[in-house]
Each structure stands twice: as structure tokens, then as C-alpha cells.
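The structure under discussion appears below in the form of C-alpha cells.
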Amino acid sequence: MVHEQGHIVSFFSGVAKIEGLPHVFLHEVLLDEKENAVAIVIGFNEHHVEALFFDDRFDAANSVMRSGKLFSLSLSDACVGRVLNGLGMPRDGLQDIAGNTIAVFAGAPSIIDREPVSVPLSTGIKMIDSILPLGRGQRELIIGDRKLGKSTLAIDTVLHQKHATPSVYCVYVVCGQKEEQLQELATLFEHRGAMLYSVIVAATAGDSFAAQYLAPFVGCAIGEYFRNQGKDALVVYDDLSKHARTYRSISLLLERAPGREAYPGDIFSLHATLLERAAQLAKKNGGGSLTALPIIETQEDDITSFIPTNIISITDGQIYLNRGLFQKGFIPAVDIGLSVSRVGSQAQQKALSAVVGGMRLAIAQYKELRKLSQLETNVSTKAEQEIKRGALLLAALKQDKHTGVSWVVQVILFCAITRGYFDDLEEEKWTDMVRVFPEMIPIRYADMVAEITRNGLTEKAIAMIRYSADDFIHEFFPTW
């Protein structure tokens with residue numbers, strides 16, 4: 001490598017323009033005079049090299065040199081249970097991670113190296129597993145206004161992987177959030193045992209532009225480390241709207257031409273190259289998978305603004321949270337009409353798919369029948385039954401945070417409801433039934449759980465579900 005030394009000609013908040021590095025390449029690490037890594041190249045033209053400095057207090061009077069190396073991480077299985085910063089370095093006070101060197105900006109797997117998504121990713125969230133199922137290797141967007149539970153959905157998905165078979169390694173990327181949110185997340189993961197299979201990559205709002213820019217790519221590289229070993233990994237990007245604003249600030253400081261909403265023209269490419277790395281690899285390549293759950297925050301329910309439309313077009317579906325539903329107390333506040341999973345239904349457990357296949361239509365019919373019943377004085381008995389069963393389905397889809405429900409329990413609950421086993425239960429008792437019945441199933445009806453797990457929804461299993469529903473009603477609601 002030709003020895004080259006560059007001089008900083010402009011520097012603000014860690015964003016710099018440098019002269020004197022004519023042979024530099026994209027994502028190359030730059031060194032200071034003591035050969036310490038101090039910056040990463042994010043662009044160049046015929047006049048300047050554009051770089052982000054890891055420490056925004058770097059002395060701009062000093063010169064920098066090329067390293068000839070791409071920005072990389074040292075990774076091993078020892079990264080599990082750690083909290084890293086946006087540069088992939090420990091921020092938990094523990095020792096550095098020693099292992100193989102992994103390039104952070106790797107290319108996405110080619111089409112021929114992939115396989116269709118076919119293995120379910122159970123989230124423990126009834127609304128998602130039943131109506132918006134996810135598969136391992138999918139990219140599903142979680143979108144909505146602030147304070148509607150977007151992060152809660154992602155966190156509950158990570159917490160539920162404690163029971164996943166085969167196991168799923170989780171990487172939670174915190175980008176641009178407050179330090180308090182990071183501490184709450186780390187504490188929750190510790191208390192729930194999630195750090196046994198998770199890594200947190202955190203670049204908070206007070207960190208440098210470089211850390212906030214690199215954090216999603218560092219998290220993706222960690223997920224790829226597990227995927228390339230033939231394992232399953234899940235990466236949560238919380239959130240990419242803040243990452244986009246960080247990149248917009250960087251681009252404006254570099255005096256790049258602004259586009260729509262002042263974002264640079266390559267913001268779509270930036271997020272596309274990140275999310276395209278999520279994939280289910282073919283068995284000849286190890287058969288590992290990397291699932292991505294990006295989070296986007298909207299303003300006033302506007303999903304047509306620049307960044308939301310970009311991410312929607314890149315991903316395989318979206319889970320849309322609605323403020324109106326949230327204010328009515330419907331938690332999680334997922335809008336079934338605007339949400340879709342374009343891949344996961346192909347990977348849904350067969351027993352669950354057989355039970356919930358017509359649930360979206362049933363809920364839509366319930367809403368229409370309810371409108372008609374408000375206009376008509378006389379409603380048929382069948383219509384009344386469908387209205388009641390639809391209302392019970394919606395009640396069953398409600399769920400408190402951090403209360404995961406296994407897919408087998410969901411099969412039993414929704415089978416009992418859709419087959420009418422709870423039709424005669426009074427409405428004021430629905431809340432107790434939806435809360436207590438799923439909790440009882442693994443304890444009291446373990447043989448039924450085992451039957452469905454082994455053989456699916458057989459006639460024997462259906463008979464056992466009927467018995468469990470009757471047994472539950474007679475014991476807990478004896479006056480019925």
C-alpha cells in the first residue's frame with residue numbers, strides 16, 4: 001500500500017473533509033499519527049475524502065493516514081450477553097471481544113445462495129403469530145407514531161426467543177434513543193434471561209455521528225456472524241427513522257445536495273443494502289437465517305412520507321400501529337387492515353394456519369355486521385352469533401406486554417373460539433377467560449399440548465380442545 005497522509009480541511013461534530021488521500025476506498029479505516037483507528041471513509045470525490053471520526057473531539061489540526069483495511073469487528077460467541085457501542089466496542093465495562101475479523105459492510109447474499117422462507121419465527125404475540133406470521137429470514141417493518149408500542153412488540157419478540165426451537169440469537173440495535181431507554185432495555189433483558197442469547201448494540205442520542213451511523217451495520221454484521229455458522233439470528237433496528245435523520249445531518253454537513261425532505265439521494269440505497277442482508281440461506285451454504293425487524297416512527301399517522309415509503313418498499317410487509325386503536329385500549333394497537341406479512345404465511349405452523357386461516361375475514365365480516373346491526377332493528381340469529389364470535393376473537397387478540405403465548409396455546413385458544421366452544425359465555429367473562437385459559441393450558445392440559453405439538457390438529461386434538469374448554473367453563477364459571 002502506498003503511504004498516504006491526509007489533512008483535514010473542514011471538521012464539525014466529527015464530520016470531516018480531508019485532502020491528500022487519492023487512493024482511499026469506501027469504508028476504509030483512517031489512522032492517526034500513533035496508528036490508532038480514528039475515522040471511517042463514507043464517501044469521496046475528485047477534491048475531498050469524506051469521513052466520520054469516531055471521537056467528535058478529535059484535534060482537526062492533526063493529520064490522518066490510510067490503513068488499507070475495511071472497517072471490521074472482532075467477533076466470537078463471547079459477544080452473546082454483551083452491550084456494545086455503535087462501533088462494536090464494549091460499553092458494559094467488560095473486556096474486549098477476541099475472535100475472527102468480520103467485515104461490517106458485507107454484501108447481501110445472492111439469490112442463488114438463498115432459499116424461500118419456510119421456518120416460522122414465533123413471536124408469542126397472538127396478533128402477529130395468527131394474522132401476521134413471521135418467518136425466519138424475513139424483513140418485517142414495525143411502523144407507527146411514537147408511544148404506541150413499536151419497541152414493545154420488538155422486545156417481546158426477543159423475549160419469546162428464550163423458548164424458540166431451534167434457538168434464535170438476537171441482536172437489538174438501539175439507534176438515537178435516550179440513555180435511559182438503553183438502561184431499561186438492558187435491565188429487562190437481564191431480568192428475563194434474554195441476555196443468554198442476545199447482544200445489544202447501542203448508539204444513543206449523545207454518541208458521535210459515526211457511532212449512530214454505524215450501529216445498524218454493526219448489529220447486522222453480528223447477526224450475519226451467527227447466520228454464517230448455520231444458526232438463526234434476529235436483528236431489531238430501533239429505529240431507522242432516527243438513523244435516517246442522523247445520515248441527513250451528516251450529508252448536510254458534508255454539503256451534499258439535499259433531496260426530498262432534505263434527505264440525501266442515497267438514503268434509499270443505504271437502507272436497502274442494510275435490509276437486503278436479511279435472508280434464509282440455502283442448505284448448501286449452511287442453512288442459517290437472518291431476520292430483520294426495522295422500526296420506523298411516523299408523524300401524525302403519515303405513512304406516505306419519504307422514509308416510511310422507502311422502508312415499506314424494501315421490506316416483506318409491515319405491522320402498522322394505529323393511535324385510534326391505542327386510545328380505545330386495544331393493545332397491541334395493530335391495524336389489521338393496513339398490516340400485512342407477505343412471506344410469513346408460507347412459514348406458519350400448519351396447525352395454527354388451519355385454525356386462523358379465515359380469522360382476518362371473520363373480523364372484517366364482524367365489523368360490517370356490527371355496522372348493519374346498528375341500523376337494523378331485527379338481526380338474524382346467525383348474524384348475532386357471528387357478531388358475538390367476532391367480538392370474542394378481538395378480545396382474545398388483546399395482550400399485555402411481556403406476556404408471550406406459545407403457538408400451541410394459540411391453536412387451542414383460537415380453535416375453541418372459532419368452533420363456538422365459548423359462544424354461550426357472557427361478555428363480561430371474556431376478559432377473565434382470555435387471561436386465565438391460556439395460562440392453564442400448559443399446566444393442566446399438557447397431554448393436549450403434546451398431541452398438537454407432535455401430530456398437529458387431529459380429530460383427537462380437537463376432541464381434547466372441546467373437553468378442555470368445557471372443563472374450564474364448568475370449573476371457573478360454575479353459574480353458567
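Count residues from 1 along the sequence. Computed over heavy atoms, backbone and side chain alike; hydrogens, waters and symmetry mates excluded.
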Between S305 and E261, is there a side-chain heavy-atom distance shorter than 4.5 Å?
yes
Is there a donor-acceptor pair closer than 3.5 Å between any side-chain N or O of T152 and the backbone N or O of K401?
no
At their closest point, which heavy atom of F217 faces which heavy atom of L270, and how far apart are they?
CZ-CD1, 3.6 Å
Nearest 0.5 angstrom please: N285 CG to D113 CG, how far?
4.5 Å
Side chains of N100 and Y225: donor-acceptor distance under 3.5 Å anywhere?
no
F306 six-ring face occupied by R260 cation (under 6.0 Å, within 45°)
no
Closest non-hydrogen contact found for A279 with R227 is O-CD, 4.1 Å
Name each donor-acceptor pair under 3.5 Å that joins a side chain in residues 431-443 to protein atoms two or more places apart or in another chain, with its distance.
residue, atom, partner, partner atom, Å
D432, OD1, R435, NH2, 3.4

Ring-plane angle category for Y213 and H243, please: parallel below 30°, perpendicular beyond 60°, tilted otherwise.
parallel
Minimum heavy-atom separation for I222 to L84, with atom names?
CD1-CD1, 3.8 Å
Can you tell if the side chain of Y172 reaches within under 4.5 Å of the side chain of F189, non-hydrogen atoms only?
yes
Stepwise salt bridge (Lys or Arg N to Asp or Glu O under 4.0 Å) check, D316 with R342:
CA-CA 5 Å; D316 304 315; R342 301 186 183 95; over 6 Å; no
Working for side chain to side chain donor-acceptor pair (under 3.5 Å), residues D156 and H402
CA-CA 6 Å; D156 283 354; H402 312 331; 2.6 Å; yes
Can you tell me how the ring of F472 sits relative to the ring of F422, calling it parallel under 30°, perpendicular over 60° and tilted otherwise?
perpendicular
Any donor-acceptor N/O pair, D92 side chain to R82 backbone, under 3.5 Å
no
Mark yes or no for whether W430, through its side chain, and L425, through its backbone, hold a donor-acceptor pair below 3.5 Å.
yes
Do S167 and K231 come within less than 4.5 Å of each other through their side chains, counting heavy atoms only?
no
Please state whether the rings of F226 and Y169 are parallel, tilted or perpendicular, taking 30° and 60° as the class boundaries.
parallel
Within the 3.5 Å criterion, strictly below it, is a donor on D238 or Q177 matched to an acceptor on the partner's side chain?
yes
Are the side chains of I131 and I363 in contact, using a 4.5 Å heavy-atom criterion?
yes
Do E140 and I319 come close enough that some side-chain heavy atom pair is under 4.5 Å?
yes
Answer yes or no: does atom CD of E428 have more than 12 heavy-atom neighbours from other residues, nucleotides or ligands under 6.0 Å?
yes
So, Y263 versus N310: side-chain donor-acceptor pair below 3.5 Å or not?
no
Taking atom CG as the centre, does L361 end up with more than 12 heavy-atom neighbours from other residues, nucleotides or ligands that are less than 6.0 angstrom away?
yes
Looking at every heavy atom in both L457 and C415, which two are closest together, and how far apart are they?
CD1-SG, 4.5 Å
Nearest heavy-atom contact between F268 and I314 is CE1-CG1, 3.8 Å
Side chain of S72, backbone of T101: donor and acceptor closer than 3.5 Å?
no
Go through the steps to decide whether T291 and V235 satisfy the test side-chain contact (heavy atoms from CB on, under 4.5 Å), and finish with yes or no.
CA-CA 6 Å; T291 308; V235 183; over 6 Å; no
Closest approach of L338 to Q318 (non-hydrogen atoms, all atoms of both residues):
O-NE2, 3.2 Å
Does R91 reach the side chain of T204, with side-chain heavy atoms less than 4.5 Å apart?
yes
I331 and F326: side-chain contact (heavy atoms from CB on, under 4.5 Å), yes or no, with the steps?
CA-CA 6 Å; I331 307 296; F326 185 84; 3.4 Å; yes
Backbone of S122 reached by a side-chain donor or acceptor of Q161 within 3.5 Å
yes
Do Y421 and I473 have side chains that approach each other closer than 4.5 Å (heavy atoms only, starting at C-beta)?
no
Whether the side chain of Q399 engages the backbone of T403 through a donor-acceptor N/O pair (distance < 3.5 Å, no angle test) should be reported.
yes
Determine, stepwise, if the pair Q212 / D207 fulfils side chain to side chain donor-acceptor pair (under 3.5 Å).
CA-CA 7 Å; Q212 294 185 56; D207 290 343; over 6 Å; no
With a sphere of 6.0 Å drawn around OH of Y467, does it hold more than 12 non-hydrogen atoms of other residues, nucleotides or ligands?
no
Is there a donor-acceptor contact under 3.5 Å from the side chain of T246 to the main chain of K242?
yes
Tell me if the CD atom of E475 is crowded by more than 12 foreign heavy atoms within 6.0 Å.
yes
dist C170:SG -> K162:NZ (nearest 0.5 Å) comes out at 12.5 Å
At what distance, to the nearest 0.5 angstrom, does OG of S74 lie from CD1 of I102?
8.5 Å
Output, in order, the C-alpha distance, side-chain angles, deciding distance and verdict of side-chain contact (heavy atoms from CB on, under 4.5 Å) for V174 and Q181.
CA-CA 9 Å; V174 177; Q181 290 175 280; 5.9 Å; no
How long is the span from the OH atom in Y320 to the CG atom in D301, to the nearest 0.5 Å?
3.5 Å
Report yes if some heavy atom in the side chain of P332 is under 4.5 Å from a heavy atom in the side chain of I125; otherwise report no.
yes
So V218 and F71, side-chain contact (heavy atoms from CB on, under 4.5 Å) or not? Walk me through it.
CA-CA 10 Å; V218 168; F71 182 72; 4.2 Å; yes
Any donor-acceptor N or O pair under 3.5 Å, side chains E451, T458:
yes
Calculate, to the nearest 0.5 Å, the distance between atoms CG and CG belonging to L134 and L293 respectively.
6.5 Å
Give me the one residue out of L141, V173, D239, V236 that meets side-chain contact (heavy atoms from CB on, under 4.5 Å) with P294.
L141
Let me confirm one number: the CG-OG1 distance from D129 to T123, rounded to the nearest 0.5 Å.
3.5 Å
Look at the side chain of R136 and the backbone N and O of Q280, then say whether any donor-acceptor pair between them is shorter than 3.5 Å.
no
Any side-chain donor-acceptor pair under 3.5 Å between Q138 and S341?
yes
Using a strict threshold of under 4.0 Å (side-chain N to carboxylate O), is an ion pair present between D145 and K150?
no
Are the side chain of R389 and the backbone of Y366 linked by a donor-acceptor contact shorter than 3.5 Å?
no
Mark yes or no for whether S249, through its side chain, and R245, through its backbone, hold a donor-acceptor pair below 3.5 Å.
yes
